[in-house]
Amino acid sequence: MIILKIEADLHTHTIASGHAYSTVEELAKSASQRGLKLFAVTDHGIALPGGPHLYHFTNMGVLPEKIHGVRVLKGVEANILGNGNIDMGRRLLHKLDFVAAGLHSNTGHNFKNMKEYTDAIINVMKNPFVNMITHPVNRYFPTNLERVVLAAKKYGIILELNAGSYCRRKNSSRGVKEMSIKLAQLAQKHHVYLSLNSDAHYHDLIGDVSALDFVLNETQIDEEIIINSSAERILSFLDYQKEEKKSAV
Ligand SMILES: [Zn+2]
Ligand SMILES: [Zn+2]
């Protein structure tokens with residue numbers, strides 16, 4: 001039985017998302033108690049019903065760099081829209097520390113088949129400010145995982161294995177074990193970074209990725225490709241990307 005200790009959680013939500021129940025302060029306190037070194041605050045982009053106003057993101061600079069001794073990355077989980085773009089412009093994206101993007105219901109997309117979903121995700125990866133695709137495993141938003149992994153390699157994007165997908169409410173849509181295993185195997189094969197995140201909508205869940213233990217037990221993935229097993233690895237990855245992107249605003 002392999003138990004992975006992650007140092008960082010790159011996907012968490014606060015009350016600003018409208019359907020999550022903790023504050024940044026509460027997340028930071030729990031992160032500290034769990035021994036995390038870093039977490040990203042990634043509230044939903046504005047296209048999701050109940051999501052925050054853009055001002056939430058423009059003002060994130062007021063948050064300290066560390067809270068309760070834990071490094072806090074100011075981020076977003078942007079929505080992938082029907083036109084294959086995301087719901088946040090580059091001038092704002094470049095001010096954030098961490099940009100995740102994912103497909104969600106009720107955000108205006110109406111893709112018809114696997115090719116359209118895959119093309120939309122790949123198009124979003126071309127945005128130089130996007131760092132990670134959230135929950136690419138989804139029964140209702142099917143993608144060609146090999147194309148997604150190869151594009152992630154090409155554009156330097158982290159792919160997420162999402163622990164929250166295995167809670168009872170989401171099990172039927174995102175909690176597809178065989179697809180999570182396939183994603184991990186493809187990432188290993190093509191040397192693409194994975195991130196195992198909680199997608200916590202309540203502070204007590206931050207850093208808990210135990211729902212993904214089955215992936216580690218049923219695959220042979222190296223710890224080095226799990227980018228959030230080391231906070232330092234994430235920070236140097238983001239620094240490298242920032243250098244690459246300076247001219248893209
Ligand atoms: Zn999401
Ligand atoms: Zn989320």
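The shown structure was predicted, so the numbers you read here are calculated from the model rather than taken from an experiment. Each ligand, and each atom within it, is numbered from 1 in the order the structure gives.
Coordination check, His11 versus the Zn ion (ligand 1): failed, since every N/O/S atom of the residue sits at 2.8 Å or beyond. Among the atoms of His135, an N, O or S atom falls under 2.8 Å of the Zn ion (ligand 1). Among the atoms of His13, an N, O or S atom falls under 2.8 Å of the Zn ion (ligand 2). At a cut-off of 2.8 Å, Asp199 does not coordinate the Zn ion (ligand 1) through any N, O or S atom.
Note on ring orientation: taking the six-membered ring where Trp is involved, the planes of His13 and His44 are parallel (angle under 30°, cut-offs 30° and 60°). Between His11 and His135, the ring planes are tilted. Angles from 30° to 60° get that label.
Contact check on Asp119 versus Arg147 returns a salt bridge, with a Lys/Arg side-chain nitrogen under 4.0 Å from an Asp/Glu carboxylate oxygen.
In the model, Asn144 has no side-chain atom that pairs as donor or acceptor with a side-chain atom of Thr118 under 3.5 Å.
Looking only at its N/O/S atoms, Glu77 has OE1 as the one nearest to the Zn ion (ligand 2).
A pairwise comparison of heavy atoms in Tyr117 and Pro142 identifies CB-O, 3.1 Å as the closest pair.
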